[in-house]
Amino acid sequence: MPKMRPPPPPPPRTVQLSIFSWNSRLARYVKAGQYENAMRLFQQMKQEGMSPDKFTFVRVLNACANLPALEEGRSIHMQIIQSGCDSDIYVCNSLIDMYAKCGSLEDAWRVFNTMPSHDVVTWNSLILGHVRCGQGLKALALFQQMQQEGMEPDPVTFVGVVNACANEAWRVFNSMPKRDVVAWNAMILGYAKCGQGQKALQLSRQMQHEGVHPVPVTFVGMLNACASVAALEEGRHIHEAIIQSGYESDVFVGSSLIDMYAKCGSIEDAWRVFNRMPRRNMVAWTAMLGAYAMHGHANEALAHFKQMCEQGVEIDDITFLSLLSACRHAGLVDEGLCYFESMNSDYGISPTNEHYACVVDLLGRAGRLHDAEVLIKTMPCEPNATVWMALLGACRIHGNLEMGECIARRVLELDPGNSAGYVLLSNIYAAAGNWDLSATVQKLRLERDVRRQQGRTWIEVNNEVHTFVVDDQEHPQINDIHAELERLSVQMKDAGYVPDITFMLHDVEEEEKLFHLCHHSEKLAIAYGLISTPPGTPIRIFKNLRVCGDCHSATKFIAKLVGRAIIIRDANRFHHFENGLCSCKDYW
DNA sequence: GCCCGGTGTT
């Protein structure tokens, strides 16, 4: 929950305020997202003897929905019935939305069933409510039902369909007679969210080709897509289009730009956007904090957080996640623990599983496995798989077989469909030389039909994304890439590089291990970057998993030998390689 | 005046 703001200034007492001026004041609070203030204003207007009208109820219900505040919503529902406003369709739609957002679908249905008539917004609110509660199938059934009852779906209905089921979304989208910008937004955001950035970008191009103009939300979706596939050049083009559209001062767009530049490897551009924003909210500040965290700039992150506090910016649970994440990446154990303590005591924010996972990782990485385990045991709620997984990751880093086995058992129980647990345990066994048990775990994974994620590395050159997998033979310039790697490996050996085969956790002969190491997707992408971009320019590559340890040490040599900065984004963070060193100081 | 958008963990 965000920190409480100071109460709104009382309206002047000299003049009896009209209902219109109360309502417009209320509307301003709701629009600005100051829902607590809206609630307080509503109480105040009743105290001063002003009777709310249907416009008042719509706005105050909106505030309840967004807080969310179920009990207050129920009490307002009673007042609505007493005032006779419950025949207004706007009020009823707002009630459905409020109940759905507060998680009470039963109440939402009760309102729906007592309404004399429904419009498309009624159906949309109900459909989206079910989607939010994870009832996608029910949402789709409602979508069918509304059509059977002669109600024409609109683009917002389609937003619900996209979020309920991707396959269904595509079918409906193609059969829509008129696709306005809301429908396009839903598709673009839907694809961006599920990691299909290329598809999202392709859709946004198609949208513009069909003459539909992007609005701020569209740009947010497009920037998300760029961030997920790390398409920096494309992101810059979109930034230009944003400036041309006059949306550059939108805080949503600004926060997405910060995130896009940070995730594409350019923290300088992220800072430039943040610095130039005319109006910054908590999210913009938090996006910048997250940018520092993922690039390992811990000191800047802590200073940034301090500035947030000094300037009275709101702090929420996500701000703390970013802050703890900054400590985690830099190994600032004491600072991290101190901030974790202050969350509850100074800010009134209860730590979630995610915060615990972050602190467990912070302790675990630093080798304090026992402290991490104790922390988990003292959690006020039941730890989820993510928390245990953080400890399991630490067991792998520190080669703690005994604890790893025990933790893995819990992880595999809590989240049997996630390949990460199997892979970590199998790697713990392999690192200890126990190939039989390692294979047993992999066999169990296959028996349960859990597929492990294949490692992929990609690089954007001339607006085109080139993707590599281990031993890749598909790339048209693969021979040139191999030649470049051959050339480099001679120089690297002279400079003192020794391939580290412990990172090859397979039971194969050493010769073979070496061969695979030289053909890791990271090295292929770096070599391609070297031969296809001008000398001296930085190379940005991206990997879907954690970067391999041997590739990490090899990249330090390569960056020094070729005199170029190499920036790698792996699944967790950024590594900036320059002059033989990595920004993570080998702590990752 | 109601329904759709941004930041984080693993």
Side-chain angles (χ1 to χ4, degrees), chain A residues 23-24 26-27 30 53-62 65 88-98 100-101 119-129 131 154-163 180-186 188-190 192-193 215-221 223-224 227 250-260 262-263 281-291 293-294 316-326 328 352-361 384-393 411 415 418 420-421 424 546 571-572:
Chain A
N23 284 348
S24 57
L26 195 55
V30 173
D53 66 3
K54 56 186 181 178
F55 297 96
T56 323
F57 285 129
V58 164
R59 277 153 186 162
V60 76
L61 284 172
N62 204 318
D88 184 83
I89 196 158
Y90 283 84
V91 172
C92 290
N93 288 343
S94 303
L95 274 169
I96 291 180
D97 180 56
M98 180 276 293
K101 282 194 180 137
D119 67 4
V120 67
V121 176
T122 321
W123 285 99
N124 290 347
S125 306
L126 204 56
I127 289 172
L128 285 156
V131 170
D154 78 352
V156 178
T157 323
F158 181 67
V159 173
V161 177
V162 171
N163 290 307
D180 80 349
V181 70
V182 175
W184 283 101
N185 290 345
I188 293 167
L189 280 160
K193 262 186 229 164
V215 293
V217 196
T218 326
F219 284 120
V220 166
L223 292 170
N224 274 349
D250 183 284
V251 278
F252 290 91
V253 172
S255 304
S256 300
L257 273 170
I258 294 170
D259 185 54
M260 181 277 290
K263 288 191 176 139
N281 63 1
M282 165 180 67
V283 177
W285 279 87
T286 302
M288 194 62 224
L289 183 62
M294 73 179 105
D316 76 351
D317 53 336
I318 299 174
T319 315
F320 267 102
L321 264 180
S322 308
L323 182 65
L324 292 171
S325 173
R328 172 172 92 99
T352 62
N353 268 303
E354 285 71 33
H355 296 98
Y356 277 99
C358 205
V359 179
V360 165
D361 187 285
N384 68 7
T386 310
V387 176
W388 289 114
M389 194 81 87
L391 188 55
L392 184 58
V411 169
D415 198 2
N418 186 349
L424 277 175
R546 186 177 182 275
N572 294 320

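Chain letters run A, B, ... following the sequence lines, proteins first and then strands; every chain starts at 1.
By the side chain to side chain donor-acceptor pair (under 3.5 Å) test, A:T56 is found to be paired with A:N23, A:D53, residues two or more places apart in sequence or in another chain being considered. For A:N93, the side chain to side chain donor-acceptor pair (under 3.5 Å) criterion is met by A:D119, A:T122, not counting sequence neighbours. Evaluation of the side-chain contact (heavy atoms from CB on, under 4.5 Å) rule for A:A385 yields A:L414, A:D415 as partners, not counting sequence neighbours. Checked against side chain to side chain donor-acceptor pair (under 3.5 Å), A:N185 has the following partners two or more places apart in sequence or in another chain: A:T218. Every residue was checked against the side chain to side chain donor-acceptor pair (under 3.5 Å) condition with A:T386, not counting sequence neighbours, and none meets it.
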How would nucleotides 2-7 of chain B be written as a contact map, 5' to 3', with B for base contact, S for sugar-phosphate-only contact and - for no contact, using protein heavy atoms under 4.0 Å?
BBBBBB

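Straight-line distance from the CG atom of A:N572 to the P atom of B:dT9: 8 Å, rounded to whole Å.
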